[in-house]
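Quick caveat, the model's predicted, so the values are computed rather than measured. Reckoned from all heavy atoms, side chains included, excluding hydrogens, waters and symmetry mates. Just so it is clear: chains get the letters A, B, ... in the order the sequence lines come, proteins before strands, and each one is counted from 1.
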Amino acid sequence: MSGYDFRAIEARWQRRWDERRTFRTPGPGDEGFRPDQPKFYVLDMFPYPSGAGLHVGHPLGYIATDIVARYKRMRGFNVLHPMGFDAFGLPAEQYAIEHGIHPRETTLRNIETMRRQLRALGLSYDWEREIATIDPRYYRWTQWIFLQMFGSWFDPEARRARPIAELEQELAAGRRWVAEDGALVAPGTEGARPWTDLDETARRDVLDAHRLAYVDEVPVNWCPALGTVLANEEVTAEGRSERGNHPVYRRPLRQWMLRITAYAERLLEDLDLVDWPEPIKLLQRNWIGRSEGAEAVFRIDGSGEPVRVFTTRPDTLFGATYMVLAPEHPLVESITAPERREAVEAYRREAARKSDVARQAETKAKTGVDTGARAINPVSGERIPVFIADYVLMGYGTGAIMAVPAHDQRDFEFALAFGLPLRAVVRPDEAWLRAHAPDALADAGADALAEAYVRDPAAFGEAFTGEGVAIQSTRDDLALDGLPTPEAKARITEWLERRGLGRGRVQYKLRDWLFSRQRYWGEPFPILWDESGRPVPVPEDELPVELPEMDDFRPSASDDPTPALARAPESWRIVRRGDRVLRRELNTMPQWAGSCWYYLRFIDPRNDERLVDPERERYFMQPRGVDLYVGGVEHAVLHLLYARFWHKVLYDLGHVSTPEPFGRLFNQGYILAWAYVDERGVYVPADEVEERDGRFWWKGREVTRSYGKMGKSLKNAVSPDEMCAEYGCDTLRLYEMFMGPLEASKPWNTRDVVGVHRFLQRLWRNLVDERGGGLRVTDEPADDALRRLLHRTIAQVTESMERLGFNTAIARLIELNNALVPLERVPREVAEPLVLMLAPMAPHIAEELWERLGHDSSLAFAPWPEADPRWLAVESVELVVQVLGKVRGKVEVPAGADERTAREAAQAHPNVARHLEGRTVRKVIYVPGKLINFVAS
RNA sequence: GCGAAAGUGGCGGAACUGGUAGACGCGCAAGAUUUAGGAUCUUGUGGCCUGACGGCCGUGGGGGUUCGAGUCCCCCCUUUCGCACCA
């Protein structure tokens, strides 16, 4: 018996790779490291070990990266291809709570299962580099990075993070003063004070307020069911938690924040440095949401209280006929007129009940309340009403707007609902006017239309928000009339600045990252609180701050946010330093923390002296970071933005050598599968559904077929374990890659798996005599045609591998293999390259055949076959002959045939001659090697 | 509403800078082999017309550029994804 016994072969080779440490990757300083070798860092997105185990959709990306890793090794690269586990966070903890087991236990068990499943796929990870975020030796450095952020500030002039001590020095030296609101300003600025005027408390306040990690009271998304606060990114558009779909409420809370907004500009700009899919870059750009405009100051009539607004259209300032503050705006309290107080309070209460997101999800009908206050338009001098309305968000800009109803759709709707005046200050183009003119003006001329618009912009049905020419925007010392919008913007911004009434400003949608969670299963903060309520960093040599052992680790599901660690033993919570009593920070870090920097730790996973050794970091990260990073689009903003942010901080502080972590990113598609619902709309197990006459039945009941992402919720998951058992993991690997392009989402079809399985069996039979078990391979040379096919295949497969086109690479290998079927004996010069080319995709069978071909070392480092150009050239080609663009025949001509030869051969073709009969050839198009086209009358 | 990606046989999908549409695989059909089933091998397989040679149509729909369009341009339809009062 010498058939293709994949079970024995796969087990044997997986064991050998392990025993021989085949995929150990030496780095600088390690035994066996070769500094002359180029590196290639290929990385999968950090998986989260869930309790359910893997389904065949999960390893799609892992198989792809493994193929790249194996291919690159054969091309002489020192390949870093590690794997680890992101294991802190909500899902693990939820799972643990549901099963009443400590999260550490369930997490370790899940990791175990996942590691076993991954190993069964024959992935060539360097398992000696495995890391897990829950390991204190790992999270020690997560905490260390947090301390780096706590110990630095962002210098807006240098546009980078610097140690906070340097800020202190600059302040002490008088190079910067501190403004009333705590901002750093130039010495001598009005209202600002020098360092020497500040007492110790004030100084600490200033420094603490400038740290990259700082504490602030902010409105948060509080999820009582999960017992924790969530980041904006973790809340859905419906105002529910992304995990678990529980309601989320807004409330103010003192929280740790990370100053990611300081990096908004660089996060945006540096997208130009990376090779990422354009849609992902766009997603990040939109998330950062940069907009240019100006800030302007309006003063409240009477009190003179300044209200700052942000606008992208400062050119429409003359058209501001009212103002709106967000309901939570701090000035509402003081400016509201006594007789309006009750209505204003009622509206504010109503708004506070709803979360930011829930508020936005509701109808677009505009609501609001007049505060009774009046403000002065700084350019027109008009007294205008001040409203509060929930269409203005406290979290964006200044939380207050100038409303220009003629040129902003939201303001337009609000003005109509509340009977507020509109004032046109931009003249629209004629096309817009005509398209929006009321019926009565259907025949009006251009001037009449423009006049009508100025008289009554509301009659045109919607706000004109485009660019145009400024009108009705002139006063004694400022003339905008006649200026196109961009110039009008520049002119008025300059005027505002000169008069101290405002300045140009860039605004981002991106908010600072809310970094505290109240859950147990996360990294503790390396922070202590002193008697006066100030944060004190835990000294580096005391790291890690280990998570205390607790029997009751459940979150406190309540309306009042209480960290789970509040119930930790007092011996953990209270730290005595001499006669000082310090309390530990009780929040933990969010899910994303550990995955923000894991790619760095893989480079030097056992280093207890530093985060990563600089020499190793440079070797594996230069020049553009991770060379290939593969994962799903779902991480387009959160993980990828957070990781870039941390990386830039580490870069600024000199701990890493590249400005970006991931040079090339690739998003794999999803694996979809049929799913079935019964008459109640409930999903039934897809593997128990039977098909009869095009209809679907489950336990005798008819069910309807639907379609979706493979997973637990649709009950349509297929386990890799079943596939490996039935067909072997080489077949599974091959099938997943053969399904279609890596980036596409495509349907799983177990029935189709036999196709690639047959290919492997046929390959086996081509090289191994099934009866005797001997080789069917001969040292005699291949004939010319086969040799040509071989070299063409090498060229095509190589090209496919370079662009991750594994589906087409496999197709070419199948073709080559099919060509060997009729042969009595297979020439070694074909068999060996075929096995080598298959090796990255189906490594076990390839190793086995390689050994049987007489090689005693693994093919993992065997050189990739090279196509010989001599055998790529052909001496004759089949030329397509067209008449008037339609194919009428094919003729064989010598490869370099000139036009006359080709033309004569073509015209001699009977069918071509027939079509040319009675016509005059006007023109001949000849594409050498491809076709010849006769253009005839 | 705004933005992005994608629509090719019964199915998954190929097709480089415009140059034979449907590679490769599944499925299906016929034949060979086999006691049978399975496996294997051979041949065929976009639709329509034709005994055959061959012809006509065909890449979501409609127009255009070109000797020639799945590929380039314009309009429209459908699906999926992301964002969604961001001033």
Nucleotide N/O of nucleotides 4-10 of chain B paired with protein N/O under 3.5 Å:
none

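Pairing for B:A39 is absent, with no Watson-Crick or G-U wobble pair whose two atom distances lie under 3.5 Å. Using the Watson-Crick or G-U wobble rule with both distances under 3.5 Å, B:U80 pairs with B:A4. With a 3.5 Å ceiling on both atom-pair distances, B:U71 lacks any Watson-Crick or G-U wobble partner. Under the Watson-Crick or G-U wobble criterion, with both distances below 3.5 Å, B:A15 has no partner in any strand shown.
Under 3.5 Å, the side chain of A:R812 and the base of B:A23 form at least one donor-acceptor pair of N or O atoms.
Classification of A:K489 and A:E292 as a salt-bridged pair fails, no side-chain N sitting under 4.0 Å from a carboxylate O.
Among the protein residues, A:R285 comes within range of no part of the nucleic acid, since none of its heavy atoms lies under 4.0 Å from any strand. Residue A:P910 is classed as having no contact, given no heavy-atom separation below 4.0 Å to the nucleic acid. Base engagement by A:K509 is indicated by at least one non-hydrogen atom pair under 4.0 Å involving a base atom. Heavy atoms of A:H757 sit nowhere under 4.0 angstrom from any nucleic acid atom. Within 4.0 Å of A:E878, counting heavy atoms only, lies at least one base atom of the nucleic acid.
Across all non-hydrogen atoms, the minimal contact from A:T261 to A:R511 is CG2-C, 3.5 Å.
A:R285 CZ: more than 12 foreign heavy atoms inside a 6.0 Å radius. Within 6.0 Å of the CD atom in A:E892, the count of heavy atoms belonging to other residues, nucleotides or ligands exceeds 12.
Put simply, CG on A:N933 is 13 Å from C1' on B:G18, counting in whole angstrom units. Residue A:F738 contributes atom CZ, which lies 10 Å from atom C1' of B:A14 at whole-angstrom precision. For A:E815 and B:G22, the CD to C1' distance is 13 Å, given to the nearest whole Å.
Taking the six-membered ring wherever Trp is involved, the centroid distance between the rings of A:F6 and A:W764 does not fall below 6.0 Å.
Taking atom P on both B:U79 and B:U65, the two are 32 Å apart, rounded to the nearest angstrom.
Each of B:G82, B:C83, B:C26 was ranked by its minimum atom distance to the side chain of A:R758; first place goes to B:C26.
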Steps toward side chain to side chain contact (heavy atoms under 4.5 Å, CB included) verdict (A:R410, A:V392): CA-CA 10 Å; A:R410 294 151 301 179; A:V392 174; over 6 Å; no
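The side-chain tip of A:K709 points at the ring of A:Y670 from less than 6.0 angstrom away and within 45° of straight on.
Against RNA chain B, the stretch residues 396-404 of chain A makes heavy-atom approaches under 4.0 Å through A:Y396, A:I401.
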